[in-house]
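Below: one structure, written as structure tokens.
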Number of protein chains: 2
Amino acid sequence: MKKFEEKTISNNVLFEGKIISLQVEDVELPNGKTSKREIIKHPGAVCVIAKTEDNKLIMVEQYRKALERSIVEIPAGKLEPGEMPEVTAERELEEETGYGCSELTHLISFYTSPGFADELVHVYKAEGLYKIEDAHDTDEDEFVELLEVTLEEAEEMVLDQRIYDAKTAYAVQYLRLEQLRKLT
Amino acid sequence: MKKFEEKTISNNVLFEGKIISLQVEDVELPNGKTSKREIIKHPGAVCVIAKTEDNKLIMVEQYRKALERSIVEIPAGKLEPGEMPEVTAERELEEETGYGCSELTHLISFYTSPGFADELVHVYKAEGLYKIEDAHDTDEDEFVELLEVTLEEAEEMVLDQRIYDAKTAYAVQYLRLEQLRKLT
């Protein structure tokens, strides 16, 4: 796991924000030469593949300032300091959708942009959904619209680029795979 | 696509690097309040799902400084300024693996981290692979090891967290889905 290791010569933290921080590292390459690496540190995040009783996928539409547009995603959110990912998953599901779940299963974790960021996303599947009457509101500066769509509708939204991010594309593929596995 | 739009009040570019830049924007939220957004600008990237004639997936192991470890990924690389993604895809396939391809199909594009970055990854499938005798070397500061693995081996590597990033997890799922579709 250390193959071709790049040793840190020096590390300059140039920005520490509310969510991400930026550092530029001088590194020594395996051939002895030096190079620079621009690296974003991120606390990590979770996302939740949640299906209702009538087999619809729960999604949220929200504006993404980095993209200057809104896209449709599965519920997701950042880890708070020291928070266990499954706790974040339950919290974000409730905050963004008003649903609780009786079962939460970890499916996979993956880095989103290993070339420049250490953001690790933990993917969960939520089953046994139920509406929470007094669900916690979303974050004060978070505006989301809830959608419940069939798998076929979700696949259409991938083609239309309303679903346009890696974790949600993965989720749609996961559900289709799950369905095909039941048939074979 | 502008639902819940956040209007830019001011935009401070804090860092412009070789690969990424960082800006912090003051934005006006849909409820009239203000907030800050930390945003990474990235030129975009491609990745290539390439299978050999004997049905093995071509992968590269490389050290990722952001993660402080090496992981196994499908061939990938950043867009050069003004470069068409399919050109990048052919170039990266050749540079990282020594393979050319007779057919290149765009499968999907997705944002990797829409919460803070505009990196868009274009996913291609390469078919009709052939070894290029005088293939261009990899980048001077890029050290990669070539692997050719079966789908089953790739799925094991997902479980072992040697495959540990979103695009490669997507690729492995894509190939399993393709195989199951042939069976049903």
Side-chain angles (χ1 to χ4, degrees), chain A residues 1-6 14-15 17-20 22 24-25 27 29-30 33 35-40 42 45 61-67 69-71 73 78 108 110-119 121 140-141 143 145 158 164-167 169-170 173-174 176-177 180-181 183-184, chain B residues 1-6 14-15 17-20 22 24-25 27 29-31 33 35-40 42 45 61-67 69-71 73 78 108 110-119 121 141 143 145 158 164-167 169-170 173-174 176-177 180-181 183-184:
Chain A
M1 315 275 253
K2 289 284 182 186
K3 194 176 281 177
F4 308 128
E5 183 174 0
E6 300 174 353
L14 299 183
F15 173 77
K18 240 175 58 183
I19 295 164
I20 56 174
L22 165 71
V24 176
E25 297 196 24
V27 300
L29 302 175
K33 291 187 181 172
S35 190
K36 278 185 193 297
R37 297 285 177 242
E38 300 162 6
I39 292 169
I40 298 298
H42 184 282
E61 179 158 11
Q62 62 189 305
Y63 193 78
R64 292 303 203 174
K65 189 61 184 169
L67 317 181
R69 60 168 286 186
S70 66
I71 59 172
E73 299 167 60
K78 288 178 303 293
I108 187 173
F110 45 59
Y111 291 101
T112 52
S113 303
F116 70 93
D118 73 344
E119 184 195 31
V121 171
E140 204 178 82
D141 65 350
F143 298 83
E145 184 175 274
V158 171
Y164 210 176
D165 75 308
K167 66 182 178 300
Y170 182 90
Q173 220 183 28
Y174 173 87
R176 178 56 74 189
L177 200 46
L180 282 180
R181 280 196 165 120
L183 296 176
T184 53
Chain B
M1 316 273 252
K2 289 284 184 187
K3 194 175 280 174
F4 307 128
E5 184 174 0
E6 299 175 354
L14 300 184
F15 173 77
K18 241 175 60 185
I19 296 164
I20 56 174
L22 164 71
V24 176
E25 297 197 25
V27 299
L29 303 175
N31 64 0
K33 292 187 180 172
S35 190
K36 278 185 192 296
R37 297 285 177 242
E38 299 162 7
I39 292 170
I40 299 299
H42 184 281
E61 179 158 10
Q62 63 189 306
Y63 194 78
R64 292 302 203 173
K65 189 62 185 169
L67 318 182
R69 61 168 285 184
S70 67
I71 59 173
E73 299 166 59
K78 288 178 302 294
I108 188 174
F110 45 60
Y111 291 101
T112 52
S113 302
F116 70 93
D118 74 344
E119 184 195 30
V121 171
D141 64 351
F143 298 83
E145 184 175 275
V158 171
Y164 211 176
D165 75 308
K167 66 181 178 305
Y170 182 90
Q173 235 184 16
Y174 173 87
R176 178 57 72 188
L177 200 46
L180 282 180
R181 280 194 167 120
L183 296 176
T184 53

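Chain A is the first sequence line, chain B the second, and so forth, proteins listed ahead of strands; every chain is numbered from 1. Since the model is a prediction, treat every value here as computed from it, not as a measurement.
The heavy-atom pair separating Q62(B) from F4(A) by the smallest distance is CA-CD1, 4.4 Å. Residues N31(B) and K33(B) share a closest heavy-atom pair of OD1-N, 3.0 Å.
For K36(B), the side chain to side chain donor-acceptor pair (under 3.5 Å) partners are D26(B), not counting sequence neighbours. When the side chain to side chain donor-acceptor pair (under 3.5 Å) test is applied to R176(A), the partners found at least two apart in sequence or on another chain are E152(A), E155(A), Q179(A).
L14(A) contributes atom CG, which lies 6.0 Å from atom CZ of F15(B) (distance to the nearest 0.5 angstrom).
With chain A as the partner, the residue from I39(B), L22(B), L177(B) showing the most heavy-atom pairs under 4.5 Å is L177(B). In terms of heavy-atom pairs under 4.5 Å with chain B, the best-connected choice from G17(A), A45(A), A117(A), P30(A) is P30(A). Annotation: maximal heavy-atom pairing with chain B below 4.5 Å, among V27(A), L183(A), L180(A), occurs at L180(A). The candidate with the highest count of non-hydrogen atom pairs below 4.5 Å against chain A, out of Y63(B), Y174(B), Y170(B), is Y63(B). By number of non-hydrogen pairs under 4.5 angstrom with chain A, the leading residue of K65(B), K2(B), K18(B), H42(B) is K65(B).
Proximity to chain A is absent for every atom of V121(B), based on heavy atoms less than 4.5 angstrom apart. E25(B) touches chain A through its side chain: at least one heavy atom from C-beta onward sits under 4.5 Å away, while N, CA, C and O do not. Contact of K167(B) with chain A is made through the side chain alone, with heavy-atom distances under 4.5 Å. Contacts between I108(B) and chain A at a heavy-atom distance below 4.5 Å involve the side chain alone, from C-beta outward. Using a 4.5 Å cut-off between heavy atoms, R37(B) touches chain A through its side chain atoms alone. At a 4.5 Å heavy-atom cutoff, the contact between I19(B) and chain A is made by backbone and side-chain atoms alike.
Formation of a donor-acceptor pair under 3.5 Å by the D165(B) side chain with backbone atoms of S113(A) is not found in this model.
Screening I20(B), T112(B), I40(B) for a side chain to side chain contact (heavy atoms under 4.5 Å, CB included) with E119(B), the sole residue that qualifies is T112(B).
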Q: Determine, step by step, whether E38(A) and F116(A) satisfy the side chain to side chain contact (heavy atoms under 4.5 Å, CB included) criterion, reporting the C-alpha distance in whole Å, the side-chain angles of both residues, the deciding distance to 0.1 Å, and the verdict.
A: CA-CA 6 Å; E38(A) 300 162 6; F116(A) 70 93; 5.8 Å; no

